Q: 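Here you go, one structure.
This structure is a prediction, so every number in the text was calculated from the model and none was measured. Within every chain, numbering begins at 1; the chains are lettered A, B, ... in the order of the sequence lines, protein sequences first and strands thereafter.
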Protein chains: 2
Amino acid sequence: MTNPMTKPIQKRALATRDKLLTAAKYLISKESFEALRVEDVVRAAGVAKGTFFAHFKDKDALMEQIIGARMADLIAETADAQTPKDIREMVERLLPLIHFMTSERYVFDVIIRHSGAAAISDIGPIATQFDEQIALFARWAREAPYRPDIAPELVGEGISAFFIQAIALNFCALNSRQALESRLESYLDAWLCPK
Amino acid sequence: MTNPMTKPIQKRALATRDKLLTAAKYLISKESFEALRVEDVVRAAGVAKGTFFAHFKDKDALMEQIIGARMADLIAETADAQTPKDIREMVERLLPLIHFMTSERYVFDVIIRHSGAAAISDIGPIATQFDEQIALFARWAREAPYRPDIAPELVGEGISAFFIQAIALNFCALNSRQALESRLESYLDAWLCPK
DNA sequence: CTATGAAAATGACCGTGGTCAATTTAGTCT
DNA sequence: AGACTAAATTGACCACGGTCATTTTCATAG
């Protein structure tokens, strides 16, 4: 063995895991997150059902990987863009992320369920992305600067809280996308620019 | 028929519904919300499985009724008490509600999932309780008064958002109850008393 | 009282997530 | 190469939420 400290994982296993992820992503793109069935995934991947659960604790864990990865992309893009110069622009920056998080009720539920890490030893990709998100918001707050009276980290947590709240209320049928944006804008205005 | 506008619901049906609710509450008190099984409920209630689903759209709908009712009690108690005179006292008032909402991960998930009404025509008990909660917070804000620069309703929505955020982060293993309270306190301080 | 139609209740059945003892395969030692 | 061990895979099986055609019960009319 080249490295005695490495726990032995055969490349066959990595390939299988990859087949499962690829099959799942394909099926999701064809249908939706909500409609994904484990049996369909294993059939498309050409493996037995038990194999799925040898690679993912449960269906939710697969979802967390895929949704977390997509959030990571969106947040990275958002972070690459210039720091928003006002609140309207800040909301604009968040639109891609909002679009994904509201694309399906199911997606939002999975995200919320994993937003607080389940256990310290087991911080999943979605919880990680929330940390990233808060850090990004904190950076925005530091550069503007909004709310110099409190720590940028705290400002970031507040933005995150209002971000979630705005999206959650959006799933009420009478609230449209437009309502979401303007609501988020007034939340952030009240949070970031108290008179 | 005494009242031609009343859709006929036999009292037998109301009794059955009551048996189901009573059985469910009993089983929950013996075990937990998470451990509740529909089959156990119908066995305890002495009815067939199909009957359950004639009375509740799905298991979630039953949970919403029971959890919503308990929230209503807690919020009513909270509303009866005097308006908190500072933020520390405000957090103190919220402790019973926090205690229930953090009693089980499953309970919090159900609450979040129903906090934004699913459809305007179908506002469930939990969504109703959130409205009540926000209205109560708005009353507190109006009486103090906190944040005279913005509408009390908006202040209430903010308190609600931070309330949720504090609880969600609490499910991270390294954050204890004490951490929850002090975190909520600093959130509310930053929200209600900007310098 | 009996007939009738609608409300309520029934339970066999199904879909889907998840388990696990048994089997196959990959890497290693002699 | 053959033997040996542990990782990886398999698929029959189970648990549990949810469905629906059929049956039972109730209320009312004649």
Q: Apply side-chain hydrogen bond (donor to acceptor under 3.5 Å, both in side chains) to A/R142 and list each qualifying residue two or more places apart in sequence or on a separate chain.
A: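 Per chain and number, A/R142 pairs via side-chain hydrogen bond (donor to acceptor under 3.5 Å, both in side chains) with no residue.
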
Q: Less than 6.0 Å separating the ring centroids of B/W191 and B/F163?
A: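 Ring centroids of B/W191 and B/F163 are no less than 6.0 Å from each other.
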
Q: Above 12 or not: heavy atoms from other molecules or residues under 6.0 Å from NZ of A/K195?
A: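 Enclosed: over 12 neighbouring heavy atoms sit under 6.0 Å from NZ of A/K195.
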
Q: Is A/K11 close enough to C/dG27 that one of its side-chain N or O atoms is under 4.0 Å from OP1 or OP2 there?
A: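 Yes.
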
Q: Which whole-number value in Å describes the distance from B/Q10 CD to D/dT28 P?
A: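 These atoms are roughly 9 Å apart.
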
Q: Could you give the NZ-to-C1' distance, from A/K57 to C/dT19, as a whole number of Å?
A: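 Whole-Å distance recorded here is 13 Å.
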
Q: If hydrophobic clusters are built from ILVMFWY residues whose side chains come within less than 4.5 Å, do A/Y187 and A/I167 share one?
A: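 Linked, A/Y187 and A/I167 end up in one cluster.
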
Q: Starting from P on C/dA8, measure out to CG on B/L20 and report it in whole angstrom.
A: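 Computing the B/L20:CG to C/dA8:P distance gives 13 Å.
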
Q: What one-letter contact string describes nucleotides 9-16 of chain D from 5' to 3', where B marks a base within less than 4.0 Å of any protein heavy atom, S marks contact via sugar-phosphate atoms alone, and - marks no contact?
A: BBB----S

Q: Using atom CG of B/D60 as one end and atom C1' of D/dG17 as the other, report the distance to the nearest whole Å.
A: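 Checked: the CG to C1' distance equals 11 Å.
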
Q: What is the distance, to the nearest angstrom, from the CD1 atom on B/I9 to the C1' atom on D/dT28?
A: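 Interatomic distance, CD1 of B/I9 to C1' of D/dT28: 18 Å.
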
Q: Provide, to the nearest angstrom, the distance between the CZ atom belonging to A/F53 and the C1' atom belonging to C/dC20.
A: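 My rounded result for the distance is 13 Å.
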
Q: For B/R12, does its backbone N or O pair with a side-chain atom of B/T16 as donor and acceptor, under 3.5 Å?
A: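 Such a contact is found between B/T16 side chain and B/R12 backbone.
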
Q: Tell me: CG of B/L62 to P of D/dG17, nearest whole Å?
A: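 Going from CG in B/L62 over to P in D/dG17 covers 11 Å.
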
Q: To the nearest angstrom, how far is A/Y106 atom OH from C/dT16 atom P?
A: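 My rounded result for the distance is 13 Å.
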
Q: Could A/D40 and A/R43 be called an ion pair, given the rule that one side-chain N must be under 4.0 Å from one carboxylate O?
A: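 Yes.
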
